[in-house]
Undergrad: 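Dropping the structure in here first, questions after.
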Amino acid sequence: QVQLVESGGGSVQPGGSLRLSCAASGIIFSINGMGWYRQAPGKERELVADITSGGNTNYVDSVKGRFTISRDNAKNTVYLQMNSLRPEDTAVYYCNAEVVVGPLPYVGVDYWGKGTLVTVSS
């Protein structure tokens with residue numbers, strides 16, 4: 001089995017910063033893409049940022065220049081550094097990873113964390 005455990009959420013004032021972490025554990029042969037999604041109250045879940053195993057990154061336009069996604073393959077961990085936070089960033093943030101559990105067959109399966117709440121308010 002594979003589990004994703006998120007940490008780093010909390011409450012901050014506008015302009016503040018947070019760093020989210022997500023560590024994968026269990027039966028893992030390799031991990032392909034990893035990413036962060038978020039869902040605000042009354043809104044659909046959206047992709048915030050993702051990163052390939054080779055380090056290529058992608059961001060939703062609203063966070064470009066403010067958020068940075070990174071990963072440590074040796075630790076099976078993905079991070080999201082969030083700077084210049086705005087009230088509209090308030091959401092539950094979910095970690096996602098495509099995990100290959102074994103070489104035969106070599107196939108990736110999506111796993112999700114349970115989410116961590118980020119609240120940005122005065």
Side-chain angles (χ1 to χ4, degrees):
Q1 295 185 358
V2 175
Q3 292 183 340
L4 303 182
V5 180
E6 300 135 325
S7 62
S11 181
V12 298
Q13 294 183 329
S17 298
L18 286 173
R19 187 166 107 134
L20 306 182
S21 300
C22 173
S25 62
I27 302 173
I28 299 173
F29 181 76
S30 63
I31 301 178
N32 295 329
M34 304 185 81
W36 291 94
Y37 292 71
R38 68 185 180 188
Q39 187 166 21
K43 296 184 178 180
E44 299 293 325
R45 185 176 299 189
E46 67 172 349
L47 173 69
V48 179
D50 59 14
I51 183 168
T52 69
S53 61
N56 294 323
T57 60
N58 177 63
Y59 301 90
V60 66
D61 286 344
S62 61
V63 309
K64 288 181 178 177
R66 300 189 297 121
F67 292 9
T68 302
I69 189 170
S70 61
R71 64 190 287 173
D72 185 335
N73 291 332
K75 296 181 178 180
N76 291 328
T77 300
V78 63
Y79 307 93
L80 186 67
Q81 178 66 47
M82 304 185 293
N83 299 325
S84 301
L85 283 162
R86 305 166 180 170
E88 53 263 40
D89 295 318
T90 296
V92 176
Y93 285 71
Y94 297 91
C95 176
N96 168 260
E98 184 184 22
V99 179
V100 179
V101 300
L104 296 173
Y106 188 89
V107 59
V109 178
D110 272 353
Y111 288 87
W112 292 86
K114 294 183 178 180
T116 184
L117 178 63
V118 172
T119 302
V120 185
S121 67
S122 299

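Reckoned from all heavy atoms, side chains included, excluding hydrogens, waters and symmetry mates.
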Undergrad: Hey, are the side chains of Ser30 and Ser53 touching, using non-hydrogen atoms and a 4.5 Å cut-off?
TA: no
Undergrad: Flag the pair Thr119 / Val12 as yes when at least one side-chain heavy-atom distance between them is below 4.5 Å, and no otherwise.
TA: no
Undergrad: State the CE-CH2 distance between Met82 and Trp36, to the nearest 0.5 angstrom.
TA: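 These two atoms lie 8.0 Å from each other.
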Undergrad: Considering non-hydrogen atoms only, spot the tightest contact between Leu18 and Leu85 and give its length.
TA: N-CD1, 3.9 Å
Undergrad: Output the distance between atom CG (Asn58) and atom CG (Leu47), rounded to the nearest 0.5 Å.
TA: 6.0 Å
Undergrad: Please find the pair of heavy atoms, one from Ala49 and one from Leu80, that lie closest to each other, and give the distance.
TA: CB-CD1, 4.3 Å
Undergrad: Is there a side-chain contact between Ser121 and Pro87, using heavy atoms and a 4.5 Å cut-off?
TA: no
Undergrad: When clusters are formed by joining ILVMFWY residues with side-chain heavy atoms under 4.5 Å apart, either directly or through shared neighbours, do Val99 and Ile69 land in the same one?
TA: yes
Undergrad: May I have the step-by-step check of side-chain contact (heavy atoms from CB on, under 4.5 Å) for Arg71 and Ile31, ending in yes or no?
TA: CA-CA 11 Å; Arg71 64 190 287 173; Ile31 301 178; 3.7 Å; yes
Undergrad: Here's one to test your reading of the geometry: is the NZ or CZ of Arg45 within 45 degrees of the ring axis of Trp112 and under 6.0 Å from its centre?
TA: yes
Undergrad: With the 4.5 Å side-chain cut-off for hydrophobic clustering, are Val109 and Ile28 part of the same group?
TA: yes
Undergrad: Linking directly or through intermediates, with side-chain heavy atoms under 4.5 Å: list the remaining ILVMFWY members grouped with Val5, chain and number order.
TA: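 The other cluster members (ILVMFWY side chains, heavy atoms under 4.5 Å, direct or chained): none.
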Undergrad: Please give the remaining members of the hydrophobic cluster of Val100, linking ILVMFWY side chains under 4.5 Å, ordered by chain and number.
TA: Phe29, Tyr106
Undergrad: Check step by step if side-chain contact (heavy atoms from CB on, under 4.5 Å) holds for Val60 and Glu46.
TA: CA-CA 9 Å; Val60 66; Glu46 67 172 349; 4.2 Å; yes
Undergrad: Please report the closest heavy-atom contact between Leu4 and Ala97, naming both atoms and the distance.
TA: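 Taking every non-hydrogen atom into account, CD1-N, 3.8 Å.
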Undergrad: Sequence neighbours excluded, which residues qualify as side chain to side chain contact (heavy atoms under 4.5 Å, CB included) partners of Val92?
TA: Tyr94, Leu117
Undergrad: Which pairs pass salt bridge (Lys or Arg N to Asp or Glu O under 4.0 Å) with one or both residues in residues 75-91, sequence neighbours excluded?
TA: Arg38-Asp89, Arg66-Asp89
Undergrad: Walk me through whether Asp110 and Asn96 qualify under side-chain contact (heavy atoms from CB on, under 4.5 Å).
TA: CA-CA 7 Å; Asp110 272 353; Asn96 168 260; 3.8 Å; yes
Undergrad: Measure from the side-chain N and O atoms of Glu6 to the backbone N and O of Lys114, and report whether any donor-acceptor pair falls under 3.5 Å.
TA: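 Yes; at least one donor-acceptor contact below 3.5 Å.
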Undergrad: Counting neighbours of CD on Gln3 that are heavy atoms of other residues, nucleotides or ligands and sit closer than 6.0 Å, is the number greater than 12?
TA: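 No, because the 6.0 Å sphere around CD of Gln3 holds 12 heavy atoms or fewer from other groups.
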Undergrad: Transitively linked via ILVMFWY side-chain contacts under 4.5 Å: Tyr111 with Ile51?
TA: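 In one cluster with Tyr111: Ile51, yes.
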Undergrad: Atom OG1 in Thr57, atom NZ in Lys64: separation rounded to 0.5 Å?
TA: 9.5 Å
Undergrad: Determine whether a donor-acceptor pair (N or O, by modelled atom type, separation under 3.5 Å) exists between the side chain of Thr90 and the backbone of Val120.
TA: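 Such a contact is found between Thr90 side chain and Val120 backbone.
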Undergrad: Looking at residues at least two apart in the chain, or sitting in another chain, which of them share a side chain to side chain donor-acceptor pair (under 3.5 Å) with Asn83?
TA: Ser17, Gln81
Undergrad: Could you pull out the closest heavy-atom pair between Cys95 and Val78, with the gap in Å?
TA: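 The answer is SG-CG1, 3.8 Å.
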Undergrad: Among residues two or more places apart or on two chains, list those pairs meeting ring-ring contact (aromatic ring centres under 6.0 Å, His included) that have a residue in residues 45-79.
TA: none
